Amino acid sequence: MAELTTIKNNLVFGLDIGTRSIVGVVGYLEHNIFNVVAMAQKEHDTRAMIDGQIHDIYKVGDTIRKVKVNLENQLDFVLTDVCIAAAGRVLKTINASAEYKFEEETRVNQEHIYSLNLLAIETAHAQINGDNEEIKFYCVGSTPINYKLNTFDISNLEGHKANKIGVELIATFLPEEVVDGLYEAVEYAGLHVASLTLEPIAAMNVAIPEQYRLLNIGLIDVGAGTSDICITKDGSIMAYGMIPFAGDEITEVIAKTYLVDFNTAEKIKISASNKDNEKITFQDIMGLKQEVQSEDVHKAIYSVINKMAKATAEKIRKLNGGKSVNAVFVVGGGGKMPEYTSLIAKHLGIASERVAIRGEEVLTSINFRVDDFKKDSLYVTPVGICTNYYLQKNSFVFVTVNNERIKMYDNNHLTVVDAVMQVGFPNEKLFPRRGAEITFTINGKTRLVRGLPGEGAIVKLNGKLANLSTSIEQNDIIEITESTIGEAAHITIGQLDEFKATVSFNVNDKNILCPRFAYVNGELKSEYYEIVSGDTIIMENYYTIEQLFAFLDLDLANLDIYVNNERADKDTKVYENFTVKTSEHDNTISYKDLPEDDTYYEKKSKKTDEQVFTPEMAEKMIAQYNHNGDDKPYADSRSTDSMPDKNNVMMENPSVADNNTAVDKTSISKNIVILINNQPVTLKGKASYVLVDLFDFYEFDLTKPHGSAVVLKLNGAVSEYMAPLHDGDVVDLYWEP
């Protein structure tokens, strides 16, 4: 076997872990012919497996190790990976379907088909585990029943162009305990599971070639603990099933009938199956030598064989939609018992010649390069396990994530992120996390400032730096350190774009640029104020006369003040580009009387009629006007006095009255300034105003619609036409598209 060292990377090791014995096969596929280069078989010393399920993991592991060593001696190199098949008493199948739509017409390749099948398997997986809260099921095999190309049935999608593809398949599941026991026994023997399939799938790959699957055929793999069944029809495998009756049922009857131990009863069963043996000699548990006729053994076990055949036939009918199949193939050692095939035919109601044991005749596509070997149906399943490796790889892998060992369904595309998600690692701790954000409102609009991003999670695979998309394999060790949280958000008033803007006034024919004022929760704040979540910020676009003159360091006493040529008082608001004029005993204060030193001005512009003020001026005003909460001139601009006094009254024609003239209260009118679509508009002539009054002072043609409806908002909210208006209110008026 020295020449095998050149192809050892292509060799496949298949292991049939049966209830009575373990059979190992090593070979390779070449030109659609599977070449077997080594074989070994070992019976369990005890009943470590019952009905296809491992009861003593480590005794089964020891037997696997003995088979492994035997094969390694034949091959002259160490085996590390193995393909296995599962059976069990709690086998469940789910019919599932899936479809995938391409963004544009696409030529279908194997990757598309694989992904489509996986979508259907995941659907079945979610369904069976959703229905079973106590038992966790794992998929041990799947077989497509039908594919769809767009809306048409097709047997093979590969190479076709499609906008949409679909599949219907059978997914087969076993409880976690069954699968876990198999994996643990194999690992105990020093092997890694390369793929896992179902025993009837493995047997079908050899016993029922694809060209036979057009017929309605049943396959029975009769083992020691279970009889596994699959049904083919119309070119596809239609169903899988099993019954917990097989060869061991017969052996137990022999043991009880002839008072022998289980191993002796197994030998009696095998001898009785040989037509050449008329008499069988054995020793019972009393030490007495016994000799019985094979015919007597057949009579003793007839009832249990009939029971097993009847249960199998009923299962076949159930899987086949209540009908009998056209023919049945039988594989496995347990199917060789006398009259078993004829009883199957009887209970199915078909001719006895349509139920046959498949052995040597189905192994014609298998080349056995092993000395002293006789082709037998016993080897159909282990050879099928090997050939299935090339058709479907759907095993599980074990990896360790932060010292926690987990089992994962191997879809050939497993990455680090799949493992950390399965272990329950929080998704938000994988990626960089931003620091705490700040949410506040400015001029009625919500503003969000995000914190800085932190560092992403640190991933190590087998001690080396990796990333979330790094591929993983069996027994990989993953260490992941959660991501960090970045610096919390912070922003000051001075960093706001709204604060950096200026307000321009014309004071005594000179253009004055002033910084805006920021009110935080109703209190004037400087540019250095750190904004916190929940703050309500108003960045006013006006000054009151008192604020403006305090900013200019001018005394209001004995001054007559006019805003836009109308008499004003200290509370009158001055908006962008408003004009302010002052007089004292008919002597106008000129621009040269305004202070010019650097304490108040940041600089003089090149234009002699414009000045720019610094934030330090705002600091001075804040200190001046925040000293007394009751006397602050910066009260909420939306508030109104319950009774305006003489000093707050604006006459429609200020020239007809002065401070020494008595005023009739019934003729009192009050001017207010509101912002309509960001444009200051003065309302005058009334003591109070409602929203509809604005149409008397603002040009908006309602007779020529430019949309579906007029939208009228007061301070950001839709309001009634008769809602009261106050000085400084903000109005949005427009046609809705």
Side-chain angles (χ1 to χ4, degrees), residues 16 18-23 41-52 203 220-228 243-313 328-348 352-353 355-361 372-381:
D16 182 10
T19 301
R20 287 299 304 139
S21 64
I22 295 176
V23 180
Q41 179 180 354
K42 179 73 173 68
E43 291 187 357
H44 299 290
D45 295 330
T46 63
R47 299 196 71 184
M49 290 185 67
I50 299 176
D51 294 344
I220 309 171
D221 183 1
V222 186
T226 61
S227 294
D228 299 303
I243 60 170
F245 300 114
D248 280 359
E249 299 286 328
I250 301 170
T251 305
E252 288 175 1
V253 170
I254 294 174
K256 294 175 182 177
T257 301
Y258 295 106
L259 202 62
V260 295
D261 61 71
F262 190 88
N263 288 337
T264 301
E266 183 71 15
K267 293 176 182 178
I268 294 172
K269 180 181 74 173
I270 294 172
S271 296
S273 301
N274 190 337
K275 296 179 180 180
D276 297 331
N277 294 332
E278 295 183 359
K279 294 182 179 181
I280 303 170
T281 302
F282 58 89
Q283 185 174 301
D284 63 22
I285 63 172
M286 306 304 296
L288 299 176
K289 186 176 181 179
Q290 303 285 346
E291 184 177 276
V292 297
Q293 297 290 325
S294 292
E295 185 179 349
D296 294 334
V297 176
H298 296 167
K299 292 178 181 179
I301 62 177
Y302 178 84
S303 62
V304 69
I305 294 176
N306 184 57
K307 174 185 175 183
M308 186 170 69
K310 182 179 180 181
T312 304
V328 176
F329 293 156
V330 179
V331 298
K336 296 180 180 180
M337 292 304 301
E339 300 188 64
Y340 176 74
T341 56
S342 60
L343 287 171
I344 288 288
K346 173 185 174 182
H347 291 298
L348 284 175
S352 59
E353 60 267 22
V355 181
I357 295 175
R358 301 281 284 178
E360 181 177 351
E361 66 277 9
D372 301 324
F373 168 75
K374 181 181 178 181
K375 291 184 177 181
D376 191 276
S377 62
L378 178 67
Y379 302 109
V380 168
T381 299

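Since the model is a prediction, treat every value here as computed from it, not as a measurement. Basis for what follows: all heavy atoms, side chains included, without hydrogens, waters or symmetry-related copies. In this chain, residues are counted from 1 in sequence order.
The distance from the CD1 atom of Ile22 to the CG atom of Asp16 is 9.0 Å, given to the nearest 0.5 Å. For the atom pair Leu259 CG and Ile285 CD1, the distance stands at 3.5 Å (nearest 0.5 Å). Here the OG1 atom belonging to Thr251 is positioned 12.5 Å from the NZ atom belonging to Lys267, to the nearest 0.5 angstrom. Rounding to the nearest 0.5 Å places CD1 of Ile268 at 10.5 Å from CD1 of Ile301. Expressed to the nearest 0.5 Å, how far CD of Gln283 lies from CD of Glu291 amounts to 14.0 Å. In this structure, CD1 in Ile243 is found 9.0 Å from CD in Glu249, a value given to the nearest 0.5 Å.
Between Ala246 and Met308 the shortest heavy-atom distance is CA-SD, 3.3 Å. The shortest heavy-atom contact between Asp284 and Val260 is CA-CG1, 3.8 Å. The two residues Ser227 and Phe245 have their closest heavy-atom pair at OG-O, 2.6 Å. When all heavy atoms of Ser271 and Asn277 are compared, the pair lying nearest together is O-ND2, 3.2 Å. Nearest approach of Val330 to Tyr340, heavy atoms of both residues: CG1-CE2, 4.1 Å.
Shown here is Lys310, whose NZ atom has no more than 12 heavy atoms of other residues, nucleotides or ligands within 6.0 Å. Within a 6.0 Å sphere centred on CD of Gln293, other residues, nucleotides and ligands contribute more than 12 heavy atoms.
Residues Glu252 and Phe262 meet the side-chain proximity criterion, which asks for heavy atoms closer than 4.5 Å. Side-chain contact between Val328 and Ile220 is present, with at least one heavy-atom pair separated by less than 4.5 Å. Using a 4.5 Å heavy-atom threshold, the side chains of Val297 and Val292 count as touching. Side-chain contact between Ile250 and Ile305 is present, with at least one heavy-atom pair separated by less than 4.5 Å. By the 4.5 Å heavy-atom criterion applied to side chains, Lys289 and Thr281 are counted as neighbours.
Between the side chain of His44 and the main chain of Gly18, a donor-acceptor pair closer than 3.5 Å is present. A distance-only check finds a donor-acceptor pair linking the side chain of Lys269 to the backbone of Gly247 [under 3.5 Å].
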Could you walk me through whether Asp296 and Tyr258 pass the side chain to side chain contact (heavy atoms under 4.5 Å, CB included) check?
CA-CA 11 Å; Asp296 294 334; Tyr258 295 106; 4.1 Å; yes
Derivation of the side chain to side chain donor-acceptor pair (under 3.5 Å) call for Asp261 and Thr264
CA-CA 5 Å; Asp261 61 71; Thr264 301; 3.1 Å; yes
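Judged purely by distance below 3.5 Å, without hydrogens or angles, the side chains of Asp221 and Thr381 pair a donor atom with an acceptor atom. With hydrogens and angles left out, the side-chain atoms of Ser294 and Glu278 include no donor and acceptor closer than 3.5 Å.
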